[in-house]
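Input: a single structure, listed below in structure tokens.
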2 protein chains.
Amino acid sequence: MKHTIKDVAAYAGFSIATVSRAINAPHTVNRVTLAKIREAIEALQFSPSPLGRQLRGERTRLVGVVLPTLANPVFAECLQGIDELAAAQGYRLMLMTTQYDAARERHAIETLLAQRVEGLILTVADADTHPLLDELDHDGKLYVLMHNDTVRRPSVSVDNRRAAYDGVRMLIEHGHERVLMLAGTLAESDRARLRYRGYAEAMSQAGLTPAPALEVDFNADELAPSVLAHLTAGASRPTALFCSNDLLAMVVMRGLRRARFDVPGDMSILGFDGLSMGELLSPPLASIGTPNREIGCAAWRRLMARIEGADDGESLSLTLPHMLRKGATIAALSGASDAAKSAHPAA
Amino acid sequence: MKHTIKDVAAYAGFSIATVSRAINAPHTVNRVTLAKIREAIEALQFSPSPLGRQLRGERTRLVGVVLPTLANPVFAECLQGIDELAAAQGYRLMLMTTQYDAARERHAIETLLAQRVEGLILTVADADTHPLLDELDHDGKLYVLMHNDTVRRPSVSVDNRRAAYDGVRMLIEHGHERVLMLAGTLAESDRARLRYRGYAEAMSQAGLTPAPALEVDFNADELAPSVLAHLTAGASRPTALFCSNDLLAMVVMRGLRRARFDVPGDMSILGFDGLSMGELLSPPLASIGTPNREIGCAAWRRLMARIEGADDGESLSLTLPHMLRKGATIAALSGASDAAKSAHPAA
DNA sequence: GTGAAAGCGCTAACAC
DNA sequence: GTGTTAGCGCTTTCAC
């Protein structure tokens, strides 16, 4: 732990150069010499300091990870996947979170590069318009985006537009015509936009009119009265909600329930993320699941491929399959035209 | 980004030593010189490489974080707290997870030390018996434990025994006499032990007989039949469950419900962790909450104090308050003796 | 097959 | 105030 390569050299009776070789290119060293040096290493409990290596300029075995937050299990799960592979391959991870803030994104990336990470795995607010990513490309810095759904850059994601489309279609197939999309407040991410597009397309294609997404602050303890009114009042109230993420869906579900609205009796709800916790709700939350762990792992493999120069120039962006998790929060709308169905709670 | 201190020195027309001083001790440098150097730094977009500094042996501004897993939001939240402060103070975080595996714990700590982190923040499986921690103490390596509830080492935690005691007492005050504790499978942690002690004490003190903790695999999709039987069959079945963590509580809740058991009608449930998601369940999960973010922040401050040598030798372990989150999963047992109440579902 | 020596980017004595 | 120099721990020519 505190011995240096010099100590080993002295102990074994060779030069530090030979010790270095014994470690990094054993086959270039005499068998006997090698044995002696290994013995010395063993005796001294020596382990080469990464710092010397790093400074020397070659491989740092460091990878930077930049995430919006860990409060959302989606990202924690991705990170878990990354960490697993990184540990197995002897890489060290440097982590920074950004809270979806562009300035912090920039700062994180610069800090990490200064530390000479070999590559970056990141989730940014908006990948397409991020000038910093262009700089990275230009400077030959290696990175892979995670969850950023763009074809312009190396990325691993699900097809957000398609996933939303599939989900909303399912709602429509259950007989819902007035489907509303709910989005979080800091929704101006590439993902949010694509999910809205998927929603709009599914609606249009079914001859229905997409409504603008309704913004909901899902950190608040209660649903805002205006929002609640929007959801529950009037004959034209929506019968199904497509929520841009599961946390939001859960909050809305609670809010509706407090307002004595039954889910799914009075309102069907579909989330996005497929948080495992959603399945523990009652009724279990229907959701569009993303394979987060796998996304993390795939991003890692992708980055390693780039680092090792083995990047099969294949399509830049890798799209992993999403899965429609059918939950009991979606009910079929009774065949009867329900235009008259007003907003009185059932159970 | 790619310029070195030499470039700055050349550009400004001074030696690298002066440039270094201009950066690290500006007041020791002539005003004019300083201005010129700053100009050069600006022009070259120079930012000193952490690696040189790190190797030189002084401050690395690196802190290592070792966590069991990120799949449990408890730890993700702690990490979030740490990251916040670290970022604000210009520290970089190096993260490794262990899956509660002692070998991985050791490996993580050694890897991090080799990287010359200034300190470590860790959650280990069992703090008391961990020889590695003794080594750290002995070698003067700075660390702070998080969530490890021990008085023998620097740590930030809640009083697990007391928290469990309070929770179980609440159950008893609601009239429950047959209270069973459920624990996860890899429960051999210091926390688990203390929670069991709290449970046992609350029971004994009320003249009740503590039962051995029942082990439940909460990664399985279904509750094991044997477990379910234990919970629901017989006249002596428990009327309340104290679960050693919220994830477990949620799984059990679902399992019971599938078996057409009503919560809290037929069974009261109390969790541990206070995951915010638990509040979104219906009924909202009663739980003993731990201030995870705060625990992370406190651990950070504590570590910084130690690093700066300002550790007010105060008591080693800092105990943060837990909070009893009353949820609707706990019902009062009707005054009547319920010995005869058998296992048929209510609503 | 092995050793001497240079140097990665920086800080800290020690001179001047 | 500023420059010179040594060296942190390592890898890597380049000789031998």
Report summary line: To the nearest 10 degrees, the angle between the two end axes of the helix from C/dG1-D/dC16 to C/dC16-D/dG1 (five pairs per end) comes to 40°

Query - Residues that B/Asp128 engages under salt bridge (Lys or Arg N to Asp or Glu O under 4.0 Å), provided they are two or more places apart - result: none

Query raised in the report: Considering residues at least two apart in sequence or located in another chain, which fulfil the side-chain hydrogen bond (donor to acceptor under 3.5 Å, both in side chains) criterion with A/Thr97?
Result: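 side-chain hydrogen bond (donor to acceptor under 3.5 Å, both in side chains) list for A/Thr97, sorted by chain: B/Asp83.
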
Query raised in the report: Who pairs with B/Asn292 by side-chain hydrogen bond (donor to acceptor under 3.5 Å, both in side chains), at least two apart in sequence or on another chain?
Result: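 So B/Asn292 forms a side-chain hydrogen bond (donor to acceptor under 3.5 Å, both in side chains) with B/Glu77, B/His147, B/Thr290.
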
What pairs of donor and acceptor atoms, side-chain ones from residues 111-123 of chain A against any protein atom, are under 3.5 angstrom apart with sequence neighbours left out?
unit_1	atom_1	unit_2	atom_2	d
A/Thr111	OG1	A/His107	O	2.7
A/Thr111	OG1	A/His107	NE2	3.4
A/Gln115	OE1	B/Gln54	NE2	3.3
A/Gln115	OE1	B/Arg92	NE	2.9
A/Gln115	NE2	B/Gln54	OE1	2.9
A/Arg116	NH2	A/Gln54	O	3.3
A/Arg116	NH2	A/Leu55	O	3.3
A/Glu118	OE1	A/Arg59	NH2	3.1
A/Glu118	OE1	A/Tyr91	OH	3.0
A/Glu118	OE2	A/Thr60	N	2.9
A/Glu118	OE2	A/Arg61	N	2.5
A/Thr123	OG1	A/Met146	O	2.8

Name all residues meeting the side-chain contact (heavy atoms from CB on, under 4.5 Å) criterion together with [X]; count only those two or more places apart in sequence or in a different chain, and write none if there are none.
{"X": "B/Thr69", "result": "A/Gln80, B/Ala71, B/Asn72, B/Phe75, B/Gln99, B/Tyr100"}
{"X": "A/Ile16", "result": "A/Ile5, A/Lys6, A/Ala9"}
{"X": "B/Thr28", "result": "B/Arg21, B/Ala25"}
{"X": "B/Ala87", "result": "A/Arg104"}

**Report entry** Contact interval (first through last nucleotide) of DNA chain C with protein chain B, 4.0 Å heavy-atom
**Finding:** C/dC8 to C/dA13

Show me the side-chain donor-acceptor pairs of residues 35-42 of chain A shorter than 3.5 Å, one per line, residues at least two apart or across chains.
none

Report task. Any chance you could list the contact pattern along nucleotides 3-11 of chain D? Use B for base contacts, S for sugar-phosphate-only contacts and - for none, protein heavy atoms under 4.0 Å, 5' to 3'. Result -> BB--BBBBB

Requested in this report: Over all heavy atoms of both residues, which pair between B/Val158 and B/Thr319 is shortest? Give the atoms and the distance, please.
Outcome: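 Distance-wise, the nearest heavy atoms are C-CG2, 3.9 Å.
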
